[in-house]
Amino acid sequence: VGPVDQLGTMSKAERLNYLLGQLPLFEQLGWMTPDARRWYAKNLKGDDAEAVLKRAENDLKAERITSEVYGMIEAIR
């Protein structure tokens, strides 16, 4: 996993789909717990971006996600 140049030209929906597609890899890499992956897979598609970001902040503090995952979630807001 590394920088993806095309992310800057993607729409919000495209970035969201990219992130959703990467969730299993993030879990495999140890960047997020299985429970966190399932929660984000279900809730990232919703309309409550503030609730998702709040959950991400809490998950980062509790070490359920890494700062890399948090940054990606924050970037799709």
Side-chain angles (χ1 to χ4, degrees):
V1 176
V4 178
D5 292 334
Q6 66 209 44
L7 283 176
T9 61
M10 289 180 175
S11 69
K12 180 178 178 177
E14 289 170 327
R15 288 192 310 270
L16 175 60
N17 285 333
Y18 175 80
L19 178 57
L20 287 168
Q22 296 299 305
L23 293 179
L25 177 60
F26 296 161
E27 179 185 351
Q28 183 181 18
L29 292 171
W31 288 10
M32 64 188 339
T33 65
D35 288 340
R37 182 196 52 79
R38 285 189 292 274
W39 191 89
Y40 289 104
K42 179 180 177 185
N43 291 283
L44 276 171
K45 298 175 189 178
D47 293 332
D48 196 352
E50 289 302 315
V52 170
L53 188 59
K54 186 72 164 169
R55 167 73 185 243
E57 289 171 1
N58 290 333
D59 285 346
L60 179 61
K61 289 176 188 172
E63 298 182 351
R64 289 186 289 263
I65 64 172
T66 64
S67 59
E68 292 85 358
V69 175
Y70 177 80
M72 290 182 194
I73 292 169
E74 188 177 37
I76 60 166
R77 256 179 37 158

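Counting begins at 1 with the first residue of the sequence.
Looking only at distances, no side-chain donor or acceptor of Glu74 sits under 3.5 Å from a matching main-chain atom of Gly71.
Among residues two or more places apart in sequence or in another chain, the side chain to side chain contact (heavy atoms under 4.5 Å, CB included) test is passed with Lys12 by Arg15. Here Thr66 pairs with Glu68 under the side-chain hydrogen bond (donor to acceptor under 3.5 Å, both in side chains) rule; sequence neighbours left out. Every residue meeting the side chain to side chain contact (heavy atoms under 4.5 Å, CB included) condition with Asn17, not counting sequence neighbours, appears here in chain and number order: Leu20.
The structure places CE of Met72 at 10.0 Å from OG of Ser67, a figure rounded to the nearest 0.5 Å. Interatomic distance, CG of Leu60 versus CE of Met32, reported as 11.5 Å (0.5 Å rounding). Atoms CD1 and OH, on Ile73 and Tyr40 in that order, are 4.5 Å from each other to the nearest 0.5 Å. With values rounded to the nearest 0.5 angstrom, Thr33 atom OG1 is found 11.5 Å from Glu63 atom CD. The CG atom of Leu23 sits 13.0 Å away from the CD atom of Gln28 when rounded to the nearest 0.5 Å.
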Donor-acceptor pairs under 3.5 Å, side chain of residues 43-50 to any protein atom, not counting sequence neighbours: which ones?
unit_1 : atom_1 : unit_2 : atom_2 : d
Asn43  : ND2    : Trp39  : O      : 2.8
Asp48  : OD1    : Ala51  : N      : 3.2

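Sorted by first and then second residue, the salt bridge (Lys or Arg N to Asp or Glu O under 4.0 Å) pairs with a member in residues 27-39 read Glu27-Arg37, Asp35-Arg38; sequence neighbours excluded.
In this model, no donor atom of one side chain and acceptor atom of the other lie less than 3.5 Å apart for Tyr70 and Asp59.
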